**Student:** 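Handing you a structure now.
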Protein chains: 2
Amino acid sequence: MFAGLAEEQLVGIDRRMTSLSWAEGDALHVEGTPAEHLYLVATGRAKAYRTAPNGQEVVVELLGPGDLFGGLRTLGQEAYAETVEALTTVCALRIGDDAFRQILGEHPEVGLRVLEDTTALLAQARSDVTRQSTATVAERLAAVLLRLAEKFGEPAREGGTLIELPLSRADLAGMTGSTPESVSRVMSRWRKDGVIDAGRRWTAVREPRRLAEIAAAEA
Amino acid sequence: MFAGLAEEQLVGIDRRMTSLSWAEGDALHVEGTPAEHLYLVATGRAKAYRTAPNGQEVVVELLGPGDLFGGLRTLGQEAYAETVEALTTVCALRIGDDAFRQILGEHPEVGLRVLEDTTALLAQARSDVTRQSTATVAERLAAVLLRLAEKFGEPAREGGTLIELPLSRADLAGMTGSTPESVSRVMSRWRKDGVIDAGRRWTAVREPRRLAEIAAAEA
DNA sequence: CGAAATCTTGACATGAGTCAAACAGCGTGG
DNA sequence: CCACGCTGTTTGACTCATGTCAAGATTTCG
């Protein structure tokens, strides 16, 4: 995010940010609360979700180091639109309205970077809308797992990619716009077929290509 | 978008943009083409849609005067993610990569404005994801009609709000992630109940409150 | 080791997609 | 100016994916 800035500039920026940390399960900020801070994840994982009128939680983003989230009155956000909850221990930097504007004034490149990030998120969200509207649960789940593997995965010793995240069936249901039961069914089938493997706090993709085929609705 | 700038600054900006126009049905830019321009709608209406793997068109945004769209390599967009098609005769200003950066350099406020817009679109898209995942077709359609009335509606002489847009059942299906048949069924019912009224090239919301109740899933 | 939470699996209900046929606007050409 | 045909809409009958409810298995943690 701040790549390409000199050491002393970074120190200047750092002084204006507050470093905070949360434990697994804590909420970093809550949907509907007045939006006053931007956050930059330093370490750990978190999920951002919205609560639908019917009470279901829909996960709109998974956050890791380097990700920006939160909201500012300045940017037309009256209140936080999502609740962000720590999935592991999380450290993040918090920045206020005025400090953000200052930094943007001093370092225009940073503004462009933020715009770039936001644009990418928009593209992501729209692709989610499209998939949600046209794909089946299995296709959506395959796409989600591939994305997770891409962003959070590490090579597993048994082969394939390991996603070490404490995601419950309910979380996965929230990401696919489905239910824990449906997710469980689909994953059981895949496990039987050897496409994936999963425990309580992790998931492994054994055959990415099969998953990709499923996600592309070629089956 | 450029509110608050002096006359001569506007002239300077204007010189770097190309003014273009399209007829109803024309594509302003096509999904998958290299992204090289940003556009600002001057007059007319257009729809932005993505084509799902199964061939269905999902409308992700309706554009009117003042709306920004398109994409730039600079912002991390390799290719346009959507096709934008004119719903009426459309005039828009086109701006290239370098010019955009120049303007941002000269007028930082504009950058903030763009970021603000993008943030709003992101919030919109995420709210769409949430609704898509949890609401029924009727609820989604009600929400879409209310949004259209809000953005494009004008008071109708018969009472209620008139949306003068050439939207086919297929377009509405694209916006609700559904099918023309389902949309037709729901709208027939509402017409019978006097909640809305519709012809080929227009739709009128007669009882916004009933629609709002439906959208909020209170029925 | 036991209770609480989570996951799995089954049986069932239903919203909404698909296919198909009848219908209505609307422009075109005789 | 009217009839024809094209295109989009409406309505019906049927099917299927997926949500719901419920019971049993498994894991976690106090």
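Every chain is numbered from 1 and lettered A, B, ... according to where its sequence line falls, protein lines coming before strand lines. Here the structure is a predicted model, which is why all the values come from computation and not from measurement.
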**Student:** Could you state the CD-C1' distance from E24(A) to dC29(D), rounded to the nearest angstrom?
**Tutor:** 13 Å
**Student:** Rounding to a whole Å, what distance do you find between R189(B):CZ and dG12(D):P?
**Tutor:** 13 Å
**Student:** For M187(B) and dT11(D), give me the distance from atom CE to atom P, rounded to whole Å.
**Tutor:** 12 Å
**Student:** To the side chain of R200(B), which of dG8(D), dG17(C), dA22(D) is closest?
**Tutor:** dG8(D)
**Student:** Which nucleotide, dA16(C), dT11(D), dG19(D), lies nearest any side-chain atom of T136(B)?
**Tutor:** dA16(C)
**Student:** Taking atom types as modelled and ignoring hydrogens, do the side chains of E82(B) and Y49(B) form a donor-acceptor contact shorter than 3.5 angstrom?
**Tutor:** no
**Student:** Expressed as a whole number of angstroms, how long is the span from R191(B):CZ to dT9(D):P?
**Tutor:** 11 Å
**Student:** Out of dC19(C), dG17(C), dG19(D), which nucleotide sits closest to the side chain of T179(B)?
**Tutor:** dG17(C)
**Student:** Grab the CD-P distance between E139(A) and dG17(C) for me, whole Å please.
**Tutor:** 14 Å
**Student:** So, do L167(A) and M175(A) sit near enough that their side-chain heavy atoms are less than 4.5 Å apart?
**Tutor:** yes
**Student:** In terms of heavy-atom contacts, does CD of E158(A) have more than 12 from other residues, nucleotides or ligands at under 6.0 Å?
**Tutor:** yes
**Student:** Which comes earlier along DNA chain D counting from the 5' end, the contact point of V183(B) or that of G177(A), where each point is its nearest nucleotide?
**Tutor:** V183(B)
**Student:** According to a strict under-4.0 Å criterion, is S188(B) in side-chain N/O contact with OP1 or OP2 of dT11(D)?
**Tutor:** yes
**Student:** Out of dT9(D), dT11(D), dT27(D), which nucleotide sits closest to the side chain of S168(B)?
**Tutor:** dT9(D)
**Student:** Can you tell me how far P of dT10(D) sits from CZ of R169(B), to the nearest Å?
**Tutor:** 4 Å
**Student:** Let's see if you can work this out: which of dT9(D), dC21(D), dG17(C) has an atom nearest to the side-chain heavy atoms of S184(B)?
**Tutor:** dT9(D)
**Student:** Nearest whole Å is fine: how far is dT8(C) P from I196(A) CD1?
**Tutor:** 10 Å
**Student:** Decide if atom CD of E116(B) counts as having more than 12 heavy atoms of other residues, nucleotides or ligands within a radius under 6.0 Å.
**Tutor:** yes
**Student:** Please give, in whole Å, the distance from dC14(D) P to E181(B) CD?
**Tutor:** 17 Å
**Student:** State whether S178(B) places a side-chain N or O below 4.0 Å from either non-bridging phosphate oxygen (OP1 or OP2) of dG17(C).
**Tutor:** yes
**Student:** Quick one: does R185(B) reach the base of dG15(C) with a side-chain donor-acceptor pair under 3.5 Å?
**Tutor:** no
**Student:** Compare the minimum distances between each of dT20(D), dG19(D), dG17(C) and the side chain of V137(A), then state the nucleotide with the smallest one.
**Tutor:** dG19(D)
**Student:** Given the structure, check if the side chain of R201(B) and the base of dG25(C) hold any donor-acceptor pair shorter than 3.5 Å.
**Tutor:** no
**Student:** Is there a salt bridge (charged side-chain N to carboxylate O under 4.0 Å, His left out) between E36(A) and R73(A) once you walk through the steps?
**Tutor:** CA-CA 6 Å; E36(A) 329 192 280; R73(A) 211 76 55 73; 3.7 Å; yes
